[in-house]
Protein chains: 2
Amino acid sequence: MFSKSCNYAIKAAIFIAKHSLEENKVGFVDIAKEIDSPQAFTAKILQILVKSGIIDSVKGVNGGFYIPKKNIATTYLVEIVDAIDGDAVFHGCGLGLSQCSETHPCPVHDKFKSIRDELAHMLETTNLEELALGIKSGETFLKSL
Amino acid sequence: MFSKSCNYAIKAAIFIAKHSLEENKVGFVDIAKEIDSPQAFTAKILQILVKSGIIDSVKGVNGGFYIPKKNIATTYLVEIVDAIDGDAVFHGCGLGLSQCSETHPCPVHDKFKSIRDELAHMLETTNLEELALGIKSGETFLKSL
DNA sequence: TAATTACATGATTTCGAAAACATAAGGAAT
DNA sequence: ATTCCTTATGTTTTCGAAATCATGTAATTA
């Protein structure tokens, strides 16, 4: 569905959000450990999230990544997916045609439309706060056992 | 959503189905041309479809690939996806966790479930005949302009 | 202001899907 | 039977995402 980078990004954002709810910053080493991802690669993805304005960072001693508390509940998954993978998931053709539209549709164009719309709606309405609270309460997990 | 191989496989199957409706066989060169795919690579994908029992083949002069007419309307997309990409699309975790279940769910486990279910339902109920007829009538297309 | 901590970024390597290559094998037509 | 057409299959190469490596930059603290 999404690229590996995007999966890492979503998990990292949830983890950062969880700590930001408690006014704490987290370093990329801790993030990588918690979401089971390669450190150096994770650092790069975090940069993209910073440049996209999804998360903030502070250098130096006691620095780290965080999300301003007021933004946590208003940051939606769609922003992360769009920053990392672009909009191909939402607008790309289900069969990979470079040109696929209402006027020149692929055989499954209409069949995919409802599914893509539902996916888009889910990403547009799911915010980081609810996901972070799920982690915090122990209902959900960021890595395998 | 699907791998490139799977996209080729779906398009090839639709094209073959279209010709099989008219009792014609088609060669892999023609298939590759019609669906805008690399010839050699397409040939390999066709082998997988043959071994999976989705299409049949005849060697020699006037040979080619075809689908027995009675099977066209009862062959569903899910069979092709399963043969090429396996069941990861249906059962894999939306965030890439190797272990993700009701008892140890990722943060978006429930949110993805309904989408995956709808996708599965679509693939299980869409058959090659309707897609082939769409191509035949000129409503839909297998390649870009 | 020097030392330390942690983020930032460009270059390089790895790895697997995708694609291409080369050759074998089967079947129909004559 | 032999020729030729077409599918079948194993090997190799390409290419881009993923991952790593190496180095630079900023900010805090003492």
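Each chain gets a letter, A, B and so on, in the order its sequence line appears, and its residues count up from 1. Quantities reported herein were computed from a predicted structural model and do not represent experimental measurements.
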Is there a side-chain contact between Y8(A) and the phosphate of dA18(D), meaning an N or O under 4.0 Å from OP1 or OP2? no

Taking OP1 and OP2 of dT6(D), is either one under 4.0 Å from a side-chain nitrogen or oxygen of S57(B)? no

Could E118(A) and K113(A) be called an ion pair, given the rule that one side-chain N must be under 4.0 Å from one carboxylate O?
no

ask   = Are E34(A) and K11(A) close enough for a salt bridge, meaning some N to O gap below 4.0 Å?
value = no

Just how far, in rounded Å, is [atom2] of [N] from [atom1] of [X]?
| X | N | atom1 | atom2 | answer |
| --- | --- | --- | --- | --- |
| I16(A) | dA6(C) | CD1 | C1' | 14 Å |
| K4(B) | dA20(C) | NZ | C1' | 14 Å |
| I55(B) | dT7(D) | CD1 | P | 10 Å |
| K44(A) | dT12(C) | NZ | P | 12 Å |
| I35(A) | dA18(D) | CD1 | C1' | 14 Å |
| Q47(B) | dA24(C) | CD | C1' | 13 Å |
| L46(A) | dA19(D) | CG | P | 14 Å |
| Q39(B) | dA19(C) | CD | P | 13 Å |

Ignoring the backbone of [X], work out which of [options] is nearest its side chain.
| X | options | answer |
| --- | --- | --- |
| S5(A) | dT9(D), dA18(D), dT29(D) | dA18(D) |
| S3(B) | dA29(C), dA18(C), dA8(D) | dA18(C) |
| V50(A) | dT9(D), dA8(C), dT29(D) | dA8(C) |
| P38(A) | dT9(C), dT20(D), dT11(D) | dT20(D) |

Review point. Below 3.5 Å, does any donor atom in the side chain of K59(A) face an acceptor in the base of dT29(D), or the other way round?
Key: no

Once you measure the plane-to-plane angle for F141(B) and H104(A), does it fall in the parallel (<30°), tilted (30-60°) or perpendicular (>60°) bin? parallel

Remember a base hit wins even if backbone is also touched, and classify [X] as base, sugar-phosphate or nothing at under 4.0 Å, heavy atoms.
| X | result |
| --- | --- |
| F28(B) | base |
| K25(B) | nothing |
| V29(B) | nothing |

Do other residues, nucleotides or ligands put more than 12 heavy atoms under 6.0 Å from H121(A) NE2? no

**4.5 Å side-chain heavy-atom contact, D56(B) and P68(B)** = yes

Assert: residue with more 5' nearest nucleotide on DNA chain C, out of V61(A) and S37(B), is V61(A)

Of V58(B) and T42(A), the one whose nearest nucleotide on DNA chain D sits closer to the 5' end is V58(B)

